[in-house]
Number of protein chains: 4
Amino acid sequence: MAGPCAIESAGQIQRAAEVVKAAGANMLRGGAFKPRTSPYSFQGMEHDGLLLLEQAGRDVGLPVVTEVMDPHDIERIAEHADMLQVGARNAQNFSLLRRLGKVNKPILLKRGMSTKLDEFLMAAEYILSGGNTKVVLCERGIRTFETATRNTLDLNAIPLLKDWTHLPIIVDPSHGTGTESLVIPMALAAIAAGADGVMIEVHPEPEKALSDGPQQLRPARFAELMRALRRVAQAVDRTV
Amino acid sequence: MAGPCAIESAGQIQRAAEVVKAAGANMLRGGAFKPRTSPYSFQGMEHDGLLLLEQAGRDVGLPVVTEVMDPHDIERIAEHADMLQVGARNAQNFSLLRRLGKVNKPILLKRGMSTKLDEFLMAAEYILSGGNTKVVLCERGIRTFETATRNTLDLNAIPLLKDWTHLPIIVDPSHGTGTESLVIPMALAAIAAGADGVMIEVHPEPEKALSDGPQQLRPARFAELMRALRRVAQAVDRTV
Amino acid sequence: MAGPCAIESAGQIQRAAEVVKAAGANMLRGGAFKPRTSPYSFQGMEHDGLLLLEQAGRDVGLPVVTEVMDPHDIERIAEHADMLQVGARNAQNFSLLRRLGKVNKPILLKRGMSTKLDEFLMAAEYILSGGNTKVVLCERGIRTFETATRNTLDLNAIPLLKDWTHLPIIVDPSHGTGTESLVIPMALAAIAAGADGVMIEVHPEPEKALSDGPQQLRPARFAELMRALRRVAQAVDRTV
Amino acid sequence: MAGPCAIESAGQIQRAAEVVKAAGANMLRGGAFKPRTSPYSFQGMEHDGLLLLEQAGRDVGLPVVTEVMDPHDIERIAEHADMLQVGARNAQNFSLLRRLGKVNKPILLKRGMSTKLDEFLMAAEYILSGGNTKVVLCERGIRTFETATRNTLDLNAIPLLKDWTHLPIIVDPSHGTGTESLVIPMALAAIAAGADGVMIEVHPEPEKALSDGPQQLRPARFAELMRALRRVAQAVDRTV
């Protein structure tokens with residue numbers, strides 16, 4: 001899965017879609033409703049962004065995933081997206097999780113910044129117990145004392161969750177590290193540790209991004225990552 | 001502010017209301033909609049609990065505060081409660097916060113388990129920037145490596161927030177420590193550090209509580225706390 | 001206990017000694033051997049500093065406490081100091097602790113930045129089991145994700161340790177918060193929570209300090225703290 | 001590098017040495033002086049263990065590495081070991097580090113449980129600035145709120161340290177995770193992320209180990225790991 005942090009314009013998301021398709025990714029991501037720490041930061045293009053994402057995905061033939069923040073937006077977003085994402089700040093928003101249990105779309109559930117692994121599975125259980133069994137877990141970094149990285153991407157979660165659950169587990173090294181130069185090594189490490197996939201932020205021009213520029217890969221680096229991922233996957237007897 | 005973790009029956013909340021009123025508290029708390037880690041744990045009495053809380057508050061002459069989890073429950077809950085609480089797990093649920101900015105009721109905003117203090121103020125800003133200026137901040141413990149306490153109640157937040165904002169700051173030592181024997185010393189410490197109030201879980205019979213029994217004070221201990229609080233408050237030239 | 005972070009000159013430690021004595025403290029602290037993160041920072045006046053501390057203490061009639069870092073310096077330092085301090089970075093330096101078990105001087109054992117409370121008691125046990133029963137525990141802040149304070153002073157440790165051990169417990173709000181404006185409120189909170197004492201960094205001219213200037217109180221503020229401490233201590237039926 | 005947590009007998013260390021040599025490791029590890037949380041736990045075979053380690057290494061033709069805890073043991077240990085290890089609890093024991101700067105042996109410096117990466121490099125600088133330039137850094141897990149693993153092995157440290165320093169970086173997934181089933185996936189991830197090597201605890205019979213049994217690999221699993229490591233290393237254009 002790959003794509004920009006936020007959908008910013010028709011041109012930006014279309015260009016990103018072409019890049020991620022060409023490099024061999026199998027899902028397009030893009031944020032329309034953005035949870036931002038400050039109410040004065042760019043909050044996403046909202047419904048307009050969603051339509052742009054849907055169109056970009058169709059144009060290149062990739063399913064799309066985007067974040068849902070409000071329980072009452074679920075239906076509207078589900079009409080346009082193939083997969084719904086729950087962000088780290090809503091990892092224990094039980095009203096939202098409960099309603100996602102009634103949706104007929106796969107859910108990408110991100111681990112919260114201070115969610116223990118047993119609590120993470122319990123959050124998934126809010127969705128599963130509602131009848132929606134298509135849940136994909138996503139490790140995206142936890143809060144620790146270390147400030148050299150934005151978060152501490154916790155790859156230990158992969159083999160542990162593999163022992164504890166049958167749910168697929170992917171890793172988001174872009175948010176997990178917050179630093180572009182760490183994205184490739186940590187994505188490779190995630191696959192070596194047994195992850196079922198990675199979610200990568202790719203932006204045609206990261207230096208112009210409206211959010212999280214420093215962690216987004218430019219297109220050439222993303223293509224390089226995809227080639228390296230295939231080699232590591234093969235070394236651990238898997239395919240990407 | 002004081003009262004049981006969860007409203008469990010008419011008798012329980014009425015008895016609790018009498019106890020907290022008699023000891024001199026000025027607000028009654030009680031959970032009707034309970035965010036629980038597991039979907040299989042007791043989730044609160046929901047709307048029925050809310051009505052019981054309202055009645056118990058009226059009977060003893062205390063305003064009531066209760067938690068709201070879903071943006072679309074706000075209006076309904078606001079009809080029956082005098083103050084709306086945002087729980088730690090929803091500390092960065094921006095859909096919820098944004099709608100609370102449009103409500104004409106004071107909001108009790110709890111710090112998230114991994115919310116930095118600058119992010120805490122930004123979360124408050126989501127409410128304030130919507131036009132609702134009646135926000136009370138509540139420190140309730142953060143996630144650290146220490147497992148001897150349920151959370152690490154971070155009293156450093158009090159003087160720091162006092163430097164940074166004019167918003168009132170209260171402390172919840174019940175959730176913050178998770179241990180009944182720590183509630184009284186940490187409540188006294190909170191007042192000594194400059195907190196504007198404390199929120200205490202009191203239950204007529206903690207050993208029969210449906211949630212968080214080990215951290216709820218029994219009535220006699222609560223009365224003892226109130227007496228001790230008045231003395232410490234006086235020593236720092238404040239009143240309770 | 002009070003005094004400067006590091007001994008810097010005869011004049012500085014003498015002036016500090018007079019200030020802390022006048023305000024009513026009962027022990028003088030001062031670092032001669034300083035553990036600094038960088039090998040290029042000021043490392044303390046070492047043996048010369050120790051002699052200045054001893055003299056300053058004698059002049060005002062206060063016992064002195066200073067840090068020991070190397071097991072083989074213990075004897076030499078014990079000849080000139082009344083109490084030996086183990087710093088946070090050496091909280092689990094078992095070679096050092098074991099040798100301190102054979103010394104006939106009280107030991108001030110600081111909690112490490114990531115030491116759990118049960119491990120803290122086990123560290124004390126290294127000294128106690130050697131035959132030296134005069135150990136004083138010191139909470140001085142732990143490492144957490146919060147960066148608004150230098151460390152997170154964990155006052156929860158006080159009532160918990162009071163439940164678990166008969167050893168005296170003091171609190172160091174200067175290192176624990178790293179911020180001068182937090183020292184007074186957190187010192188008061190420590191006493192309200194049941195601490196047996198506080199250790200405060202006082203410097204005649206903090207803006208000229210060679211280490212940790214921003215957290216050291218100037219003399220007038222220290223005197224103000226001592227007066228406030230007496231009032232809070234009285235409110236919880238103790239004396240300072 | 002591989003070998004048992006602690007040297008327990010001549011037979012145990014010899015058998016371990018044969019196993020690690022046969023599987024292709026290039027250094028033998030074994031603890032003679034063991035830093036244990038409790039003074040009542042097994043503290044290692046000390047000098048006798050050191051001689052057994054030296055002999056086992058010679059017999060199979062592998063250099064040996066062992067921990068030094070006390071500055072005054074350095075010379076004695078350096079006579080028998082090819083590399084000296086500084087454990088996590090002594091990561092900021094500056095007396096020890098300073099003296100290791102004067103030794104003509106390579107040093108394996110473990111990151112402390114709460115050491116930030118910039119502090120880790122400053123700790124190395126204590127050795128380097130003394131004139132000993134042969135320092136190898138070792139990531140071995142940090143303290144976080146997550147309790148499902150003994151520590152949180154922080155692989156993000158690898159690419160970051162690679163950006164910041166020319167010093168070699170290895171990873172210890174045995175202590176870093178504390179769980180045997182996580183050792184292989186995390187060792188593979190470490191190599192994929194760019195680590196220069198791994199340090200693995202191997203014990204002929206982990207269930208009989210005197211310390212850290214649950215995290216030590218048995219011989220057949222270690223051989224399996226070595227084969228998998230070679231494949232992943234090749235996929236990232238390196239050799240083991």
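What you see below is based on every heavy atom in this structure, not just the backbone, and it leaves out hydrogens, waters and symmetry mates. Sequence lines set the chain letters: A, B, ... in the order given, protein chains first and strands last, and positions in each chain run from 1. Because the structure is a prediction, the values reported are computed rather than measured.
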*Below 4.5 Å from any heavy atom of chain A, which atoms of D:Q234 appear? Answer side chain, backbone, both or neither.*
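Contact with chain A involves the backbone of D:Q234 alone.
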_If I measure from the heavy atoms of chain A, does D:R143 come under 4.5 Å with its side chain, its backbone, both, or neither?_
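For D:R143, the contact with chain A is made by the backbone alone.
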*Which one, D:R231, D:K162, D:R230, leads in non-hydrogen pairs under 4.5 Å with chain A?*
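Sorted descending by pairs with chain A, the first entry is D:R231.
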Taking every non-hydrogen atom, the tightest pair across [X] and [Y]:
X      : Y      : value
A:W164 : D:A148 : CH2-CB, 3.7 Å
A:P159 : D:M186 : CG-SD, 4.3 Å
D:A193 : A:A189 : CB-CB, 3.8 Å

_Residue selection (most heavy-atom pairs with chain D, distance under 4.5 Å) from A:L160, A:D163, A:D118_ =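 If we count pairs closer than 4.5 Å to chain D, A:L160 comes out on top.
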_Selection from A:T177, A:L182, A:T147 maximising heavy-atom pairs under 4.5 Å formed with chain D_ =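 That would be A:L182.
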*Pick one of side chain, backbone, both or neither for A:T179, based on which atoms fall under 4.5 Å of a heavy atom in chain D.*
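Answer is neither: A:T179 stays 4.5 Å or more from chain D.
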_Pairwise side-chain contact, D:E146 with A:T144, heavy-atom cut-off 4.5 Å (strictly under)_ =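 Not touching, per the 4.5 Å side-chain cut-off.
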*Roughly how far, to the nearest 0.5 Å, is the CD1 atom of D:I142 from the OG1 atom of A:T152?*
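Result: 4.5 Å between the selected atoms.
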*asked:* Quick one, D:L153 with A:L155, criterion side chain to side chain contact (heavy atoms under 4.5 Å, CB included). Give me CA distance, side-chain angles, the key distance, then yes/no.
replied: CA-CA 8 Å; D:L153 188 68; A:L155 297 187; over 6 Å; no
*asked:* Under the criterion side chain to side chain contact (heavy atoms under 4.5 Å, CB included), I'd like the reasoning laid out for D:V236 against A:L188: C-alpha separation, chi angles, the key distance, then a yes or no.
replied: CA-CA 9 Å; D:V236 292; A:L188 299 179; 4.2 Å; yes
